[in-house]
Amino acid sequence: MLYHIVTFGCQMNVHESEKIAFILESKGYKLTENREDADVIVFNTCAIREGAEDRMFGNVGALKKLKKQKPNLIIAVCGCATQKYSTGEYIKNKFPFVDIVIGTFNLHKLDDYLDQVKFKKVFDIWQEGEIDEQKSYLRSSGKNAWVNIMYGCNNFCTYCIVPYVRGREKSRKPENILKEVQEIVNSGLYNKITLLGQNVNSYGKDLDINYNFTKLLKDITSINGDFKVGFMTSHPKDITDELIDEIATNDKILKEVHLPAQSGNNRILKLMNRSYTREKYLEIINKIKKLIPNVSLTSDFIVGFPTESEEEFQETLNLVEEIKFNSIFAFIYSPREGTVAAKMDGQIPEEIKRNRVNRLLSLEKKLQKEVNKK
Ligand code: SAH
Ligand code: SF4
Ligand code: F3S
């Protein structure tokens, strides 16, 4: 019995696919790289931009034929896209050959659903759920071990679907994280541990103990062993001097900071509900550069947010020029159903958005050459 997993989206999903693999292997399935050979195919989906959803629809739709040839094939779709009501329903109606549709809060139940599906189709999307500490992972990212430290997001940036499909911020208990890291170190298989969360800087705020992300980093790096720790993503509004100091002085922490700016213009940042200004962002970056001399800085930007003018976009260009990141990700704004920004007047035409992203990317290419040379 063979399984195949198709993963879309961020590292969070990449890591959760390692959980799906664990569940499938514990039921006796073995991995195949070949979709056509599989007895179970799982799509772990993303909803962040329209493109991610479209690719998923294309992939799932293409399996209709295979399912006809192999009626016993089990097709499961899970992850962020199914959690979005309209998409979950769409899959159910448009792709009746899909056997299991589940969301982000009940992934750990895949086990049971695989038993149930022998008798009837499963369509089960929860609106919330507890953190699952029972299931393990089949790690498959080389010498890097992902460790999720928190789920969900409370920030509601006006363009973003994540809070709607991943729910409110929930931090794992420090003892559970430390136990997992200890096991990873004991295995001797990994030399890097990457901590994951939508906003790791606010780790612990929802726990009723006096504990935060810097303390977690201290506790993790005090575990004996030869490993380095990285993390993503940091939100500029929650980054503290204490944290910057810890990165600067702790040998076990990688000197890498991914700090999405999204825009260089204050009016747009405000409309995005990012809770910082261009000046504040620059202040943080300068502090990081000063205290961590060889730091690798990366960022995310969105171009063509509703009402963004040419001049405002140029402020993004000159922010990128000024900071000289090691690399950036530039995204075309994609309206997401149910978010505040999707309903805003002044949506930017597609060709202008494309023109802006191209200009930002060619600036990035030019700057990267200089930075890498250095
Ligand atoms: N939690 C992280 C980001 C998660 S999403 C943070 O706040 O930094 C990863 C990136 O996708 C974001 O940084 C943003 O640049 C981009 N993104 C999110 N929603 C988007 C949308 N509707 N359109 C285009 N890009 C988007
Ligand atoms: Fe989305 Fe903002 Fe949360 Fe990041 S911080 S996941 S961009 S709402
Ligand atoms: Fe990640 Fe996409 Fe979900 S970016 S959190 S997989 S919407």
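Just the heavy atoms: all of them, side chains too, but no hydrogens, waters or symmetry mates, feed the values below. Order of appearance sets the numbers: ligands from 1, and atoms from 1 within every ligand. Predicted model, so just to flag it, every value in this text is computed and none were measured.
With 3.5 Å as the limit, one finds a donor-acceptor pair spanning the side chains of R359 and N355. Remark: the T307 side chain and the E312 side chain contain no N/O donor-acceptor pair separated by less than 3.5 Å. In summary, the side chains of H258 and D300 do present a donor paired with an acceptor at a separation below 3.5 Å, with no hydrogens or angles considered. Side-chain polar atoms of N144 and T194 form a donor-acceptor pair below 3.5 angstrom.
Remark: K109 does not engage D124 in a salt bridge, criterion side-chain N to carboxylate O under 4.0 Å. In summary, K84 and E53 engage in a salt bridge, as defined by a charged side-chain N under 4.0 Å from a carboxylate O. Between E351 and R354 no salt bridge is recorded (no basic side-chain N to carboxylate O distance below 4.0 Å). Salt-bridge formation is not detected for the pair D206/R168: no Lys NZ or Arg NE/NH1/NH2 atom is positioned less than 4.0 Å from an Asp or Glu carboxylate oxygen.
Sorted by chain then number, the residues whose non-hydrogen atoms approach ligand 1 to under 4.0 Å are I48, R49, Y159, Q198, T233, P260, Q262, R274, D300, I302, F331, I332, Y333, S334, R336.
Relative to the six-membered ring of F123, K92 meets both conditions, a distance below 6.0 Å and an angle of at most 45° to the axis. Relative to the six-membered ring of F331, R49 meets both conditions, a distance below 6.0 Å and an angle of at most 45° to the axis.
Residue contacts with ligand 2: R166 is excluded, as none of its non-hydrogen atoms falls under 4.0 Å.
When each atom of ligand 3 is checked for a heavy atom of A47 under 4.0 Å away, the hits are 2 (Fe), 7 (S).
Protein heavy atom closest to atom 7 (S) of ligand 2, with residue, atom name and distance, is Y159 OH, 3.3 Å. At the top of the distance list for atom 5 (S) of ligand 3, counting protein heavy atoms only, stands Q198 NE2, 3.3 Å.
Around atom 1 (Fe) of ligand 3, protein N, O or S atoms at a distance under 2.8 Å total 1; waters are neither shown nor counted.
In this structure H235 satisfies the ring-ring contact (aromatic ring centres under 6.0 Å, His included) test together with Y276, sequence neighbours excluded.
Of the inter-residue distances, the one linking I131 atom CD1 with R172 atom CZ reads 7.5 Å to the nearest 0.5 angstrom.
Residues R356 and K353 fail the side-chain proximity criterion, which asks for heavy atoms closer than 4.5 Å. Taking the side chain as every heavy atom from C-beta outward, L63 and F43 approach each other to under 4.5 Å.
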Q. Checking salt bridge (Lys or Arg N to Asp or Glu O under 4.0 Å) for the pair K218/E242: CA distance, chi angles, key distance, verdict?
A. CA-CA 11 Å; K218 282 190 203 249; E242 186 198 22; 5.4 Å; no

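Around atom 3 (Fe) of ligand 2, protein N, O or S atoms at less than 2.8 Å comprise C153 SG.
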